[in-house]
Enquirer: 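Shown below is the structure under consideration.
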Amino acid sequence: MKFDYDATYFNPEQVLDCGQTFRFTPFKDGFFVISGDKTCYVRTDGKKTVVESEDGDYFYNYFDLDRDYSEIIDRAKSHGVPLLSRSAEELKGLRLLNQNPEEMLYSFIVSQNNNIPRIKGIISRICGGLSEKREFLGQEFYPFPTTEKLAAAGREFYKNAGCGYRDVFLEETSIRIEKEGLSHLTPLSTAELKKELLTYKGVGAKVADCVALFGFGKRDSFPVDVWIEKIYREDFGGALTDRNKINEYFCNLFGADAGYIQQYLFYGKRTFK
């Protein structure tokens with residue numbers, strides 16, 4: 001199945017390279033994207049972005065294509081912050097993905113105190129070690145493992161995959177999720193969800209906000225890392241040093257748009273540096 005979308009508001013490179021997902025690689029004229037046990041080939045062709053997949057409906061939702069981002073961009077620009085206005089205009093092809101909560105929880109546990117190439121490598125080794133190989137468009141790939149497989153893998157497996165001290169986090173969290181699932185978290189408010197996520201082994205405030213934003217669709221979440229701290233000081237003239245207070249400041253300032261604006265600011269600061 002193939003479908004296309006206005007490339008003005010759907011730029012694959014911007015969507016995939018802004019830190020919200022780690023399972024993609026350059027492929028032909030675009031990117032090979034894996035989510036759970038599904039995959040697609042996405043590329044820009046003139047004024048259209050084209051998605052090819054055996055699971056077209058899944059990826060239409062994954063790329064959030066039912067949402068009108070022109071309105072979000074207008075609201076972002078209305079705040080009058082130069083970095084934000086420039087980012088929203090020049091990076092208007094960026095979209096927030098609708099991703100699997102379990103995959104996001106494991107992935108962002110791996111991400112803490114880590115760089116993107118290493119994160120991608122660790123996740124790739126975990127998938128390769130616990131899933132059976134599949135193929136799409138002649139490209140081999142490994143689905144993201146089920147929680148049952150992750151829970152049974154053992155700490156040594158995670159250590160050998162390069163997880164370092166995160167091995168115990170992945171082991172204990174996967175065992176807990178195998179017992180409890182995550183569906184009971186879905187109805188929670190953003191504040192309640194974050195509080196619950198913080199009870200999982202290896203989950204701090206930033207990881208909880210990332211999982212809430214990218215895995216549970218809580219668009220009023222605002223992850224704070226070193227880049228956001230830099231933005232807070234340099235572009236908002238802020239003096240706070242506590243990340244929880246900085247998070248509160250941005251959530252109050254941007255409300256329901258906080259997650260979208262966080263991505264414009266985060267990706268924009270890295271892009272325009």
Side-chain angles (χ1 to χ4, degrees), residues 1-24 30-31 33-36 38-53 55-79 81 83-104 107-108 185-191 193-194 209-223 228 250-251 253-268 271:
M1 175 182 175
K2 285 185 183 180
F3 62 86
D4 58 52
Y5 196 87
D6 181 0
T8 305
Y9 296 103
F10 182 14
N11 181 309
E13 183 175 1
Q14 293 174 5
V15 172
L16 298 170
D17 196 39
C18 62
Q20 60 180 321
T21 185
F22 307 106
R23 301 215 68 204
F24 66 94
F31 298 92
V33 180
I34 309 167
S35 176
K38 307 182 192 316
T39 188
C40 77
Y41 168 41
V42 58
R43 69 189 188 280
T44 298
D45 184 4
K47 295 183 178 181
K48 298 289 185 180
T49 291
V50 180
V51 178
E52 185 173 351
S53 176
D55 301 280
D57 290 343
Y58 177 88
F59 281 102
Y60 193 89
N61 176 68
Y62 177 83
F63 288 115
D64 203 32
L65 298 180
D66 266 336
R67 198 178 310 275
D68 182 357
Y69 274 64
S70 65
E71 297 176 356
I72 297 168
I73 289 166
D74 287 343
R75 292 197 297 270
K77 291 188 206 176
S78 72
H79 290 280
V81 179
L83 172 64
L84 179 55
S85 295
R86 181 183 178 188
S87 298
E89 177 60 33
E90 296 186 28
L91 304 174
K92 62 177 60 172
L94 191 158
R95 310 181 72 85
L96 289 187
L97 301 172
N98 293 311
Q99 301 185 77
N100 178 272
E102 288 188 19
E103 184 172 345
M104 288 299 94
S107 297
F108 279 97
L185 301 182
T186 303
L188 300 181
S189 69
T190 303
L193 173 61
K194 183 174 180 180
D209 279 317
C210 286
V211 175
L213 178 58
F214 305 131
F216 286 88
K218 299 297 188 183
R219 302 314 197 207
D220 54 345
S221 300
F222 198 100
I228 293 297
F250 280 123
C251 286
L253 182 61
F254 298 124
D257 287 334
Y260 302 104
I261 288 176
Q262 193 270 358
Q263 285 289 274
Y264 291 133
L265 291 171
F266 174 77
Y267 194 47
T271 301

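Position 1 is the first residue of the sequence, and the numbers go up from there.
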Enquirer: Determine the minimum heavy-atom distance between Ser221 and Thr190, stating which atoms define it.
Expert: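 Residues Ser221 and Thr190, closest heavy atoms: OG-CG2, 3.5 Å.
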
Enquirer: Quick check for you: to the nearest 0.5 Å, what is the distance between Leu253 atom CG and Ile261 atom CD1?
Expert: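 Spacing of CG (Leu253) from CD1 (Ile261) equals 7.5 Å.
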
Enquirer: Look up atom OH in Tyr5 and atom CG in Leu65, then write down how far apart they are to the nearest 0.5 Å.
Expert: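 Result: 5.5 Å between the selected atoms.
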
Enquirer: Give, for atom CG of Leu185 and atom NZ of Lys194, the distance between the pair rounded to the nearest 0.5 Å.
Expert: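 Between Leu185 CG and Lys194 NZ, I get 15.0 Å after rounding to 0.5 Å.
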
Enquirer: When you measure from the side chain of Arg219 to the backbone of Leu213, do you find a donor-acceptor pair of N or O atoms at a distance under 3.5 Å?
Expert: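 Checking the backbone N and O of Leu213 against the side chain of Arg219, a donor-acceptor pair under 3.5 Å is found.
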
Enquirer: With sequence neighbours excluded, what pairs up with Asp220 under the salt bridge (Lys or Arg N to Asp or Glu O under 4.0 Å) test?
Expert: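 Not a single residue meets the salt bridge (Lys or Arg N to Asp or Glu O under 4.0 Å) criterion with Asp220.
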
Enquirer: Working to the nearest 0.5 Å, report the span between CE of Met104 and CZ of Phe216.
Expert: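 Met104 CE to Phe216 CZ: 11.0 Å, rounded to 0.5 Å.
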
Enquirer: Which pair of heavy atoms, one from Leu97 and one from Thr21, lies closest together, and at what distance?
Expert: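 Distance-wise, the nearest heavy atoms are CD1-CG2, 3.8 Å.
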
Enquirer: Taking atom CG of Leu96 and atom OH of Tyr260, what is their separation to the nearest 0.5 Å?
Expert: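 The distance works out to 6.0 Å.
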
Enquirer: Would you check if Gln262 and Pro223 make a side-chain contact, meaning some heavy-atom pair closer than 4.5 Å?
Expert: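 Result yes, sub-4.5 Å side-chain heavy-atom pair found.
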
Enquirer: Kindly write out the residues that satisfy side-chain contact (heavy atoms from CB on, under 4.5 Å) with Pro12, not counting sequence neighbours, or none if the list is empty.
Expert: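 Scan of Pro12 (side-chain contact (heavy atoms from CB on, under 4.5 Å), adjacent residues dropped) gives Phe31, Val42, Thr44, Thr49.
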
Enquirer: Considering residues at least two apart in sequence or located in another chain, which fulfil the ring pair (Phe, Tyr, Trp, His ring centres under 6.0 Å) criterion with Phe24?
Expert: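 With sequence neighbours excluded, Phe24 shows a ring pair (Phe, Tyr, Trp, His ring centres under 6.0 Å) to no residue whatsoever.
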
Enquirer: If you round to the nearest 0.5 Å, how far is CG of Leu265 from OG of Ser87?
Expert: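 Taking OG in Ser87 and CG in Leu265, the distance rounds to 6.5 Å.
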
Enquirer: List for me each residue that meets side-chain hydrogen bond (donor to acceptor under 3.5 Å, both in side chains) alongside Lys218, sequence neighbours excluded, and say none if there are none.
Expert: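 In terms of side-chain hydrogen bond (donor to acceptor under 3.5 Å, both in side chains), with neighbours along the sequence ignored, Lys218 is linked to no residue.
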
Enquirer: Distance-only check: which donor-acceptor pairs under 3.5 Å involve side-chain atoms of residues 56-64, not counting sequence neighbours?
Expert:
| from | atom 1 | to | atom 2 | distance (Å) |
| --- | --- | --- | --- | --- |
| Tyr58 | OH | Ser35 | OG | 2.6 |
| Asp64 | OD1 | Arg67 | NE | 3.4 |
| Asp64 | OD1 | Arg67 | NH2 | 3.3 |
| Asp64 | OD1 | Asn98 | ND2 | 3.2 |
| Asp64 | OD2 | Arg67 | NE | 2.7 |
| Asp64 | OD2 | Tyr69 | OH | 2.7 |

Enquirer: What residues, two or more places apart in sequence or in another chain, satisfy side-chain hydrogen bond (donor to acceptor under 3.5 Å, both in side chains) together with Thr186?
Expert: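 For Thr186, no residue satisfies side-chain hydrogen bond (donor to acceptor under 3.5 Å, both in side chains) once neighbours in sequence are set aside.
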
Enquirer: Side-chain contact test, heavy atoms from C-beta onward, threshold under 4.5 Å: evaluate it for Glu52 versus Arg43 and give yes or no.
Expert: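 Yes; the side chains approach each other to less than 4.5 Å.
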
Enquirer: Can you name the closest pair of heavy atoms from Ala212 and Leu193 and give their distance?
Expert: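 That closest heavy-atom pairing would be CB-CD2, 3.8 Å.
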
Enquirer: Restricting to ring pair (Phe, Tyr, Trp, His ring centres under 6.0 Å), what partner residues turn up for Tyr41, sequence neighbours left out?
Expert: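 Scan of Tyr41 (ring pair (Phe, Tyr, Trp, His ring centres under 6.0 Å), adjacent residues dropped) gives Phe27.
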
Enquirer: I'd like to check the side-chain contact (heavy atoms from CB on, under 4.5 Å) partners of Lys77; sequence neighbours left out, ordered by chain and number.
Expert: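 Scan of Lys77 (side-chain contact (heavy atoms from CB on, under 4.5 Å), adjacent residues dropped) gives Ile73, Ser85, Ala88, Glu89.
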
Enquirer: Please name all residues satisfying side-chain hydrogen bond (donor to acceptor under 3.5 Å, both in side chains) with Glu102, sequence neighbours left out, ordered by chain then number.
Expert: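 Glu102 satisfies side-chain hydrogen bond (donor to acceptor under 3.5 Å, both in side chains) with Thr147 only.
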
Enquirer: Going by ring-ring contact (aromatic ring centres under 6.0 Å, His included), Phe222 matches just one of Phe250, Phe266, Tyr264. Which one?
Expert: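 In the set Phe250, Phe266, Tyr264, the residue that makes a ring-ring contact (aromatic ring centres under 6.0 Å, His included) with Phe222 is Phe250.
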
Enquirer: Quick one: list whatever passes ring pair (Phe, Tyr, Trp, His ring centres under 6.0 Å) with Phe22, sequence neighbours left out.
Expert: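 Applying ring pair (Phe, Tyr, Trp, His ring centres under 6.0 Å) to Phe22 gives Phe108.
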
Enquirer: Mind checking side-chain contact (heavy atoms from CB on, under 4.5 Å) for Cys18 and listing every partner two or more places apart, or none if nothing turns up?
Expert: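 For Cys18, the residues satisfying side-chain contact (heavy atoms from CB on, under 4.5 Å) (neighbours in sequence not counted) are Gln20, Leu94, Gln263, Tyr267.
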
Enquirer: Can you list everything that forms a side-chain contact (heavy atoms from CB on, under 4.5 Å) with Asp6? Sequence neighbours excluded, please.
Expert: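 Listed in chain order: Thr8, Tyr9.
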
